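To keep things clear, I will list the structure first and then write my remarks on it.
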2 protein chains.
Amino acid sequence: MLHDPAQLDLMFQALADPARRQMVDRLSRGPASVSQLAEPLAMSLSAVVQHLNLLEASGLVRTQKVGRVRTCQIEPKALRAAEHWINERRLAWELRLDRLGDFLAQTNDEN
Amino acid sequence: MLHDPAQLDLMFQALADPARRQMVDRLSRGPASVSQLAEPLAMSLSAVVQHLNLLEASGLVRTQKVGRVRTCQIEPKALRAAEHWINERRLAWELRLDRLGDFLAQTNDEN
DNA sequence: GCAATAGTTAAGTAAATGCTTCAGTGTTGA
DNA sequence: TCAACACTGAAGCATTTACTTAACTATTGC
């Protein structure tokens, strides 16, 4: 489910913006309201809400509104999906290098 | 070096585009020339070169030109840096959840 | 030498992005 | 009840992005 390309697209796109990464960073230390997320950022609350909506659409953040405050938290599954994508590619490359190394070592032995 | 925010910015931005992720995916299976990278993509070679330049600027891909062909390969260190950023945030969150779980279990025991 | 190959560069353009301000809505506490 | 609070949504705008085409350079193989 989390591996469908469209969702992956939204996630990486969400992580591409420094303000949004800062928000994720803040949320990694615990839940926060929209205003709390906005506080360290040099932009209007409205802008923060727009970023937050993107983060939520990407699945990286989940929010729930109680009364007038919207509380946000990280969705670790989504983070794991992004992590996983990168990890698979890196591992593929590194395993390839290993096999190449083995091959070279082996052909060296044969001399 | 690889943890400076500007570089991280470039990397996540580079990964945000599906065409560029496809290029990284291709490169995870081994080095390729610009034309080889372009082949499965529905866009001009020129567009591919522009994507490639971004990937190189981000540090995710290293290229070297021999004669008239530019050969590209993945830079696993950069991938690891992106992976690491995500992993740290996710772990921070999950450890927090664990501590919270422990706390709740403990306060439950006391009843 | 010269045509084909492999890539590069510049200029232009349409669409997307990251804001802003302003005018709301619903909630809460005194 | 009513002002302050916590957000929300729409419109507008400047910038950036993801392309395109077209003209170009440098290599290679015959």
Side-chain angles (χ1 to χ4, degrees), chain A residues 5-27 30-75 82, chain B residues 5-27 30-75 82:
Chain A
Q7 198 69 11
L8 216 54
D9 228 73
L10 289 174
M11 281 192 301
F12 278 114
Q13 207 164 115
L15 290 173
D17 187 88
R20 286 192 294 264
R21 277 209 311 285
Q22 207 178 323
M23 291 166 76
V24 168
D25 186 46
R26 165 64 187 80
L27 289 176
S33 70
V34 177
S35 319
Q36 285 174 327
L37 280 182
E39 197 255 335
L41 298 171
M43 65 180 71
S44 73
L45 187 62
S46 187
V48 172
V49 170
Q50 290 172 57
H51 282 305
L52 181 57
N53 289 340
L54 246 174
L55 282 170
E56 195 168 18
S58 80
L60 286 168
V61 166
R62 198 155 31 97
T63 77
Q64 70 189 113
K65 197 156 184 173
V66 175
R68 63 186 167 182
V69 11
R70 172 144 76 135
T71 305
C72 314
Q73 38 176 274
I74 276 189
E75 186 55 73
Chain B
Q7 199 69 10
L8 216 53
D9 229 72
L10 289 174
M11 282 192 301
F12 278 115
Q13 208 163 120
L15 290 173
D17 186 88
R20 285 191 296 262
R21 276 208 311 285
Q22 208 178 320
M23 291 166 75
V24 169
D25 186 47
R26 165 63 188 81
L27 289 175
S33 70
V34 177
S35 319
Q36 285 174 328
L37 281 181
E39 196 255 333
L41 298 171
M43 66 180 71
S44 71
L45 186 63
S46 186
V48 172
V49 170
Q50 290 171 59
H51 281 305
L52 181 57
N53 289 341
L54 246 175
L55 282 170
E56 195 168 18
S58 78
L60 286 168
V61 166
R62 198 156 30 98
T63 78
Q64 70 189 112
K65 197 156 185 174
V66 175
R68 62 185 168 181
V69 13
R70 172 144 76 136
T71 304
C72 313
Q73 37 176 277
I74 275 189
E75 186 54 74

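In the text below, chain A, chain B and the rest are named by the order of the sequence lines, each starting its count at 1. Source: prediction; values computed, not measured.
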Original post:
Rounding to a whole Å, what distance do you find between A:L52:CG and D:dT8:C1'?
Top reply: 12 Å
**OP:** With sequence neighbours excluded, tell me which residues meet side-chain hydrogen bond (donor to acceptor under 3.5 Å, both in side chains) with B:E75.
**Re:** B:R62
Subject >> B:L15 CG to D:dA18 P, straight-line distance once rounded to whole Å >> reply: 12 Å
Original post:
Any salt bridge (charged side-chain N to carboxylate O under 4.0 Å, His left out) pairs touching residues 41-55 of chain A, not counting sequence neighbours?
Top reply: none
Please produce a list of atom pairs where a protein N or O lies less than 3.5 Å from an N or O of nucleotides 27-30 of chain D.
unit_1 : atom_1 : unit_2 : atom_2 : d
D:dT27 : O2     : B:R68  : NH1    : 2.8

**OP:** In whole angstrom, give the distance that lies between atom CE of B:M23 and atom P of D:dA18.
**Re:** 12 Å
Original post:
Taking the side chain as C-beta and beyond, is there a heavy-atom pair between A:V66 and A:T71 under 4.5 Å?
Top reply: no
Subject >> Nearest atoms (heavy-atom pairs only) where B:A19 meets B:M43 >> reply: CB-CE, 3.7 Å
**OP:** Round to the nearest Å and state the distance from B:N53 atom CG to D:dC19 atom P.
**Re:** 14 Å
Subject >> Residues A:R21, B:D9; criterion side-chain contact (heavy atoms from CB on, under 4.5 Å); working and verdict >> reply: CA-CA 9 Å; A:R21 277 209 311 285; B:D9 229 72; 2.8 Å; yes
Original post:
So does B:K65 get a side-chain nitrogen or oxygen closer than 4.0 Å to the phosphate oxygens (OP1/OP2) of D:dA26?
Top reply: no
**OP:** List for me each residue that meets side-chain hydrogen bond (donor to acceptor under 3.5 Å, both in side chains) alongside B:E56, sequence neighbours excluded, and say none if there are none.
**Re:** B:T63, B:R70
Subject >> Distance, rounded to the nearest Å, where B:L41 contributes CG and D:dA18 contributes C1' >> reply: 13 Å
Original post:
Does A:A38 have any side-chain contact (heavy atoms from CB on, under 4.5 Å) partners at least two apart in sequence or in another chain, and if so, which?
Top reply: A:L45, A:V48
**OP:** Could you state the atom-to-atom distance from CD of B:Q64 to P of C:dT8 in whole Å?
**Re:** 13 Å
**OP:** Go along nucleotides 16-24 of chain C 5' to 3' and tag each nucleotide: B for a protein heavy atom under 4.0 Å from its base, S when only backbone or sugar atoms are that close, - otherwise.
**Re:** -SSBBB---
**OP:** Could you pull out the closest heavy-atom pair between B:L55 and B:S58, with the gap in Å?
**Re:** O-OG, 2.7 Å
